[in-house]
Asks: 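I'd like to ask some things about the structure below.
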Amino acid sequence: MTPNKDYGEMTRRGFLGWGFSVFAGMVSLATFLLSTLRMPLPSLMPGKSGKFKIGRREDFPPGSVKYYQDQQTYVFADTEGIFAISAVCTHLGCIVSKDEKKFICPCHGSYYDLSGKVLQGPAPKNLQWYHIQELASGRLVVERGKHVKPGTKFVV
Ligand code: FES
């Protein structure tokens with residue numbers, strides 16, 4: 001009886017093919033996991049409430065914009081007044097960044113105009129506006145737990 005030469009070749013090819021498939025699968029999985037780790041993650045605590053001080057009226061000349069990173073809030077001033085807008089995306093809570101004309105969510109591509117109005121989803125709602133109050137001391141306070149209609153400004 002002679003050994004089956006084809007049987008040996010098929011086994012070796014099959015093994016190599018299987019090994020290559022496993023290797024390719026592991027490379028794909030590793031690539032996916034690495035890309036997932038580098039993706040911006042939604043904020044786990046998007047709904048911080050409470051108040052925070054932002055300074056005095058004179059600290060906000062018309063045209064100024066300040067970002068309070070620890071409060072995830074932008075404060076703008078224009079000729080009509082001062083207003084505070086949440087930086088928390090209304091889709092899944094990622095933090096939006098601002099450019100000259102819009103807020104951009106890095107997670108899933110939503111963007112908003114500078115009044116917080118959704119221009120492109122998947123964000124389902126506009127960015128939240130917060131109430132601004134002036135203390136007896138003259139300090140301005142943003143109240144994150146008190147939402148106001150977009151366009152509501154602290155008149156200076
Ligand atoms: S969290 Fe902003 S678009 Fe998804």
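Start at 1 and go down the list; that is how both ligands and their atoms are numbered. Worth saying up front: this structure is predicted, and the values here are computed from it rather than measured.
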Asks: Give the atom numbers and elements of ligand 1 that come within less than 4.0 Å of a heavy atom of Ser110.
Replies: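 So the answer, numbered in order with elements, is 3 (S).
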Asks: Which pairs with one or both residues in residues 73-85 pass salt bridge (charged side-chain N to carboxylate O under 4.0 Å, His left out), sequence neighbours excluded?
Replies: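 Of all non-adjacent pairs touching residues 73-85, those that pass salt bridge (charged side-chain N to carboxylate O under 4.0 Å, His left out) are Asp78-Lys153, Glu80-Lys153.
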Asks: Suppose we only count N/O/S atoms under 2.8 Å; would Cys94 qualify as near atom 2 (Fe) of ligand 1?
Replies: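 Within the cut-off used here (under 2.8 Å), Cys94 places no N, O or S atom near atom 2 (Fe) of ligand 1.
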Asks: Is there an N/O/S atom in Cys107 at a distance below 2.8 Å from atom 2 (Fe) of ligand 1?
Replies: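 Here the distance criterion (N, O or S atom, under 2.8 Å) is not met by Cys107, so no.
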Asks: With sequence neighbours left out, what residues match Ser64 under side chain to side chain donor-acceptor pair (under 3.5 Å)?
Replies: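 For Ser64, no residue satisfies side chain to side chain donor-acceptor pair (under 3.5 Å) once neighbours in sequence are set aside.
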Asks: In a single word, yes or no, tell whether Cys89 and Cys94 have an SG-SG distance below 2.5 angstrom.
Replies: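 Not so, these two cysteines form no disulfide.
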Asks: Kindly report the ND1-atom 4 (Fe) of ligand 1-ND1 angle for His91 and His108 respectively, rounded to 10°.
Replies: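 My answer is 100°, to the nearest 10°.
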Asks: Quick check on ring-ring contact (aromatic ring centres under 6.0 Å, His included): which of Tyr74, Trp129, Phe60 does Phe83 satisfy it with?
Replies: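 Of the listed options, the one satisfying the test is Trp129.
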